[in-house]
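Below is one structure; the comments refer to it alone.
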Amino acid sequence: MKRSTSLLLVLLLALLAGCNREPASTAAGPNGVAKLKIVYIPKNTGNPYFTEVGRGYEDAAKEIGADFATTAPDKADASLQIPIVKEQIQRGVDVILISADSADALDQVLDEARSKGITVVTVDADLVGNESHRDAAVLPADFDTIGSSQVELLGKLTDYQGDFAILSAKRDAPNQNVWIAKMQEALKDPKYAKMKLVDIVYGDDDPQKSTTECEGLLAKYPNLRGIISPTSVGLAQSAEVVDRAGVYPGGAHAVGKGLQLTGLSTPNQLKEFVSKGSVTAFQLWAPYNEGYLAVYLGQAIHDKKITPAPGGTFETKKFGVMKFSPKLEIVGGPLVTFDKSNIDKYNF
Amino acid sequence: MKWLARRETVPAALVILAFIAGFIESPYFLDFRYLLDASSLYVETGLLALGMTLVIISGQIDLSVASGMALCACVAAKLLSLGWPTPLALAATIALGALLGCFNGLLISGLGLSSVVVTLGTMAAYRGAAQVLAGADSIKFPANLTGIDNVKTLGTPVPVPLTILMFAAIVVGLVLHRTVLGRWIYATGTNARASFFSGVPTAKVTVSVFAISGMLSAVAGLLIDSRLGVARYDHGQGLEVDVITAVVLGGASIFGGSGSALGSMLALLLVALIRIGMGLANVTAEYQLAVVGTLLVVTVMVGNLGEKIAASKSRGRPLAPEPPRNSPQESHT
C-alpha cells in the first residue's frame, strides 16, 4: 500500500517536469553566447493587441540577434506583475519591456531591476507621474496629430468637398475631445475650405446609442459626404448602419458620390465592411511599431549607445530619427491607414 | 505507519519534490537568497492563511480576509497621510482589523447566520469601504515606511516580512496546540453542538477566531502597503481563493475540526516554490494555475488515502467510513 502512495508522488513529479520542459528553449543556458536577453511583460496573456505588439518585438529581436521572451500574469493586476519582474531579475535579463498595469505599484521593483543594471522601457502603458522609475517609454501615437490625420484622410476620400459629421464616444471622453478639438483646428487650413463640419453627435461607446445616432445623422443630412467616428465602437456600429442603408459610394441608395465613413478602430472589427466596400479606409496607430522600436531602444540604452534626454534623438533604419519628449517618450509613429490593400495583413 | 495519517505529510513530501523540480527546470532556481526574497512576496497570503486556518478548523470560513486587508491598508495609508504618529496609526490599523473580524464573528455567532453568507457580504462591504476611502487612485505610503521587504533581519539574509510570518505561524501553532482556546477551536469545528453542551463557549470561540483573522489581515495590509509603497482599494483582489487553497492543501478539513498552522505554511511554501520555479522557466501563468489546481485535487486524494491506510494498519482498529463532519483527531492530541 505504501508503494501506491509513492507511485502517486512519482506521477506527480512527472507531471511537474512534463509541464515545465516545454518552454525550456527560452531559458537559454548561462554559458551560451552573450546574447542580449530581452523580456516583455504585457498586462496579461491572451490579449490580441499585445500579440500584435509582440510581432514587432520578434522581428526586431531577430534583426539584432537578441534572445527574446514574453511572460505575463493571467489577469491584469499590477501586484501580479511584481513577482514576474523579480523572476526576470533573477534570470539575469538585460532589458525589461513592460506595459505597466499600475502607474505606481511597480516603482519599487523596477528600481530594484535598474539598480542591477537592467534597462527598463515601458511600452504602450507608462508609469504616469512616476516616469523617473524607468529609462524611457514607447507610446502608441502622438495624440496631437490624430485629429489632423483623420481630417486629411476624410479629405482624400471626399476630394476635399462636402458636409461631414463626427460621431464620438461620450460627451466628456477626454481622448476624443482632444482629437475633435484638433480636427476643428486643422479645418482652418485653406486646403479644407470646402469641407464643412455640420454636426457632432455622441454614441457613448454604446452599440445601441451609436446605431441610433448614426441613423439620425443619415435622416437629418441626406447629402452628407462623410462621417468620422474616432472610436472603435462608434465606427463599427456606423459601418453596420451605412452598410444596411446602402449609402456608401457605389451602394444601392448612394446620394451623389456616396457617403465616406471613416475613423479609428482596430482592423479586425472592420474587415467585413472593408471587403464589402461599405468602408473604404480608416486608421489606428500601429502596435507593431511600438514593439519594434522598444527592442531597438532597449538595446541602445543598455549598450550605452544613447542616453535618453528631453529633445534627444534616437534612430532606427526602419523609422528614421525620432525625438524624445520631455518625459522621455518615443512615439510609435504616424497612424496606419487600413484599406483593402493591407487590412488582411493585420490581426488584432 | 502513523506518519501517513498526518495531514502534513503530503505537502511536506511535495515541497521536497518542488525543490527538485525547480532545480531541474531552471538554472536560476537554486539560489537561497533569491528564494527567500521571492518567498517574501507570499507573506501577505501566508498571514491571511494563518487566520483562515483558525477559522476553517473552527468549522467556519472567512471570505472577507482579502477585502479586510485592503480596507486596513487604505486606512493605514490615510491615517499616516493625515499626519498621525506612526505607532498610533499602526495600532489603530490593527485594532480596526480586529474590529472587522469581530463584526463577522458576532453576526455569525450572535444571529446564527452562515459564515459563507456573512463574509460574502462583508467581502463586498469592506472592499467597497476601501474604494470609498481611496477612490480609484493610490494613496502614497510614507517613504520611510516603504520597502520593508528589502530590509533583512539582523544580519541574516531573511527579509523582515518572512520573519514576521514565521513568528505569527509559531504563535498560531502554540495557540492551537498548547492552549485551552486551541482545544476549543478544534472541538467547536468537530461538533459545535456537542461542544456547546459540554461547556465550550462556542460563540466566544467564533468571535475570537474571526478577530485573530482580522488582526492578521491588518498586519498583511501594512506589509503590502510597505512593499508596494502605495495603498489601493484593489490590493489582493481575489486573494481569498489563494488563501483558502493553501489552507485546504495544507490538510485542513473544509468541514472543520482538523488542520494545522504547519500544514498551511508548508502548503504555501509548496505553491510559492512551484510558481517561482515555473516563473523562472518562463512558464505562462495559465500552466502554473493548471499545475497548482491539479496538485490540490491530488493532495486531497492522497491525503485521504494515507489516512485510510494508516487506520487499517493500526492494530485492532477497523477501517471505518469517515463521517463528513467528523475528521480523525489522533494527529492533534
Side-chain angles (χ1 to χ4, degrees), chain A residues 1-2 4-31 39 44-46 69-75 77-80 82-84 86-93 102-109 111-112 115 129-130 133, chain B residues 1 4 10 13-14 17-18 20-22 24-29 31 34 37-38 41-42 137-138 140 146-147 149-150 224 227-230 232 234-239 274-291 294-295 298-299 301-302 305-306 309 312-313:
Chain A
M1 287 303 260
K2 199 171 158 190
S4 70
T5 313
S6 26
L7 195 73
L8 266 172
L9 289 177
V10 169
L11 275 175
L12 203 73
L13 177 67
L15 175 92
L16 280 174
C19 272
N20 297 333
R21 205 165 295 136
E22 205 167 3
S25 59
T26 54
N31 51 354
V39 68
N44 56 332
T45 54
T70 306
T71 178
D74 54 315
K75 56 183 179 206
D77 180 341
S79 64
L80 298 179
I82 293 171
I84 294 183
K86 289 216 176 215
E87 281 153 17
Q88 300 309 321
I89 297 173
Q90 175 70 4
R91 289 183 68 241
V93 298
S102 157
D104 44 31
L106 295 161
D107 293 355
Q108 315 291 325
V109 76
D111 283 350
E112 187 186 332
S115 75
N130 294 287
H133 298 273
Chain B
M1 292 304 279
L4 266 179
V10 179
L14 289 174
L17 285 184
I20 299 169
I24 295 169
E25 67 199 315
S26 171
Y28 310 103
F29 182 79
D31 174 347
Y34 171 69
D37 202 30
L41 297 178
Y42 291 84
D137 301 321
S138 311
K140 254 231 151 342
T146 294
D149 55 318
N150 293 326
I224 200 169
R227 182 160 69 83
L228 301 181
V230 289
R232 288 188 58 84
D234 56 0
H235 273 344
Q237 199 140 36
L239 194 63
I274 291 174
R275 299 207 94 164
I276 292 168
M278 294 177 90
L280 283 176
N282 275 355
V283 177
T284 54
E286 302 92 277
Y287 277 103
Q288 297 187 17
L289 281 182
V291 170
T294 312
L295 209 64
V298 172
T299 309
M301 269 165 44
V302 175
L305 195 71
I309 294 164
S312 68
K313 288 279 165 88

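Here is the naming used below: chain letters follow the sequence lines, and residue numbers restart at 1 for every chain. Note that this is a predicted model, so its numbers are computed, not measured.
- Without hydrogens or angle criteria, A/Glu87 side chain to B/Ile276 main chain gives no donor-acceptor distance under 3.5 Å.
- Note that the CG atom of B/Asp234 and the OG atom of A/Ser79 stand 8.0 Å from one another [nearest 0.5 Å].
- Taking B/Gly279, B/Gly147, B/Gly236 one by one and counting their heavy-atom pairs under 4.5 Å with chain A, the maximum is reached by B/Gly279.
- B/Arg275 pairs by the salt bridge (charged side-chain N to carboxylate O under 4.0 Å, His left out) definition with nothing, not counting sequence neighbours.
- For chain A, the option among B/Gly238, B/Gly229, B/Ser138 with the highest count of heavy-atom pairs below 4.5 Å is B/Ser138.
- What you find for A/Ala69 and B/Asn282 is that their closest heavy atoms are CB-ND2, 3.4 Å.
- Put simply, the side chain of B/Thr284 does not reach to within 4.5 Å of the side chain of A/Thr71, judged on heavy atoms.
- Separation of atoms CG (A/Asp74) and CG (B/Leu289) is listed at 4.5 Å; rounding is to 0.5 Å.
- Contacts of A/Pro73 with chain B are made by backbone atoms alone, with heavy-atom separations under 4.5 Å and no side-chain atom involved.
- Using a 4.5 Å cut-off between heavy atoms, A/Ala72 touches chain B through its backbone atoms (N, CA, C, O) alone.
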Worksheet item: Between B/Leu228 and A/Asp104, does a side-chain contact (heavy atoms from CB on, under 4.5 Å) hold up when you go through it step by step?
Response: CA-CA 8 Å; B/Leu228 301 181; A/Asp104 44 31; over 6 Å; no
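- In the model, B/Asp37 has no side-chain atom that pairs as donor or acceptor with a side-chain atom of A/Gln90 under 3.5 Å.
- When side chains are defined from C-beta on, B/Leu280 does not count as touching A/Gln88, because their heavy atoms never get closer than 4.5 Å.
- Neither the backbone nor the side chain of B/Ile224 comes within less than 4.5 Å of any heavy atom in chain A.
- A donor-acceptor pair shorter than 3.5 Å can be found between the side chains of A/Thr45 and B/Glu286.
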